Amino acid sequence: MERDSQLELYGLVADQLKEAHSRVRALQVPEGVRMALTRKLLVITAAAKHDLADAARRLERLMASLDEAGEGRFPEDT
């Protein structure tokens with residue numbers, strides 16, 4: 001049963017990563033901001049191989065940052 005929930009989480013994170021990559025490419029932001037967001041995505045992708053739950057939390061925070069960047073507000077830590 002636990003394996004099924006782990007597989008479900010992998011699928012969810014994979015779908016969210018795919019969406020996040022698309023959103024970063026589509027953002028109309030300065031190149032430095034895009035590069036920082038891309039680096040964060042790469043770190044989250046690598047983390048997913050070792051700690052899926054942590055990667056899911058990081059990805060959720062990044063998606064919130066993407067929402068802010070899409071509204072013209074750039075997170076300070078980006």
Side-chain angles (χ1 to χ4, degrees):
M1 192 63 78
E2 183 178 325
R3 183 170 169 78
D4 290 341
S5 64
Q6 187 79 345
L7 287 175
E8 187 177 326
L9 185 56
Y10 270 114
L12 223 142
V13 169
D15 290 343
Q16 287 179 329
L17 279 169
K18 191 175 185 180
E19 179 186 345
H21 278 280
S22 294
R23 288 180 64 186
V24 167
R25 280 193 308 271
L27 280 176
Q28 299 295 317
V29 295
E31 190 59 30
V33 172
R34 184 184 323 283
M35 287 174 49
L37 291 169
T38 300
R39 279 192 298 274
K40 284 185 177 190
L41 268 173
L42 292 174
V43 168
I44 293 168
T45 302
K49 296 175 186 177
H50 306 286
D51 187 347
L52 188 60
D54 181 52
R57 286 187 297 273
R58 289 181 182 198
L59 185 55
E60 190 171 319
R61 287 192 307 265
L62 178 66
M63 294 298 272
S65 293
L66 291 177
D67 290 340
E68 291 176 0
E71 295 170 0
R73 297 188 318 255
F74 306 117
E76 291 179 21
D77 65 344
T78 304

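Only a predicted model underlies this, so the values are computations on that prediction, with no experimental measurement involved.
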Residues two or more places apart in sequence or in another chain: which of them pass salt bridge (charged side-chain N to carboxylate O under 4.0 Å, His left out) with Glu8?
none
Who passes side chain to side chain contact (heavy atoms under 4.5 Å, CB included) against Leu52, sequence neighbours left out?
Gln6, Leu9, Tyr10, Val13, Ala48
Point-to-point distance, once rounded to the nearest 0.5 Å, from CG of Leu7 to CG of Leu12:
12.0 Å
Please report the closest heavy-atom contact between Ala47 and Ala55, naming both atoms and the distance.
C-CB, 4.0 Å
Minimum heavy-atom distance between Met63 and Arg23, given as atom pair plus value:
CE-NH1, 3.5 Å
Near Met35 CE, under 6.0 Å, is it more than 12 heavy atoms from other residues, nucleotides or ligands?
no
In chain order, what residues pass the side-chain hydrogen bond (donor to acceptor under 3.5 Å, both in side chains) check against Asp54, with sequence neighbours excluded?
Arg58
Output the distance between atom CG (Leu59) and atom CG (Leu17), rounded to the nearest 0.5 Å.
5.0 Å
Determine, step by step, whether Ser22 and Glu19 satisfy the side-chain contact (heavy atoms from CB on, under 4.5 Å) criterion, reporting the C-alpha distance in whole Å, the side-chain angles of both residues, the deciding distance to 0.1 Å, and the verdict.
CA-CA 5 Å; Ser22 294; Glu19 179 186 345; 5.7 Å; no
Test: Arg57 and Glu60 ion pair at under 4.0 Å
no
Rounded to the nearest 0.5 Å, what separation is found between the CG atom of Leu66 and the CG atom of Leu27?
6.0 Å
Where do Thr45 and His21 come nearest, in terms of heavy atoms and distance?
OG1-NE2, 4.0 Å
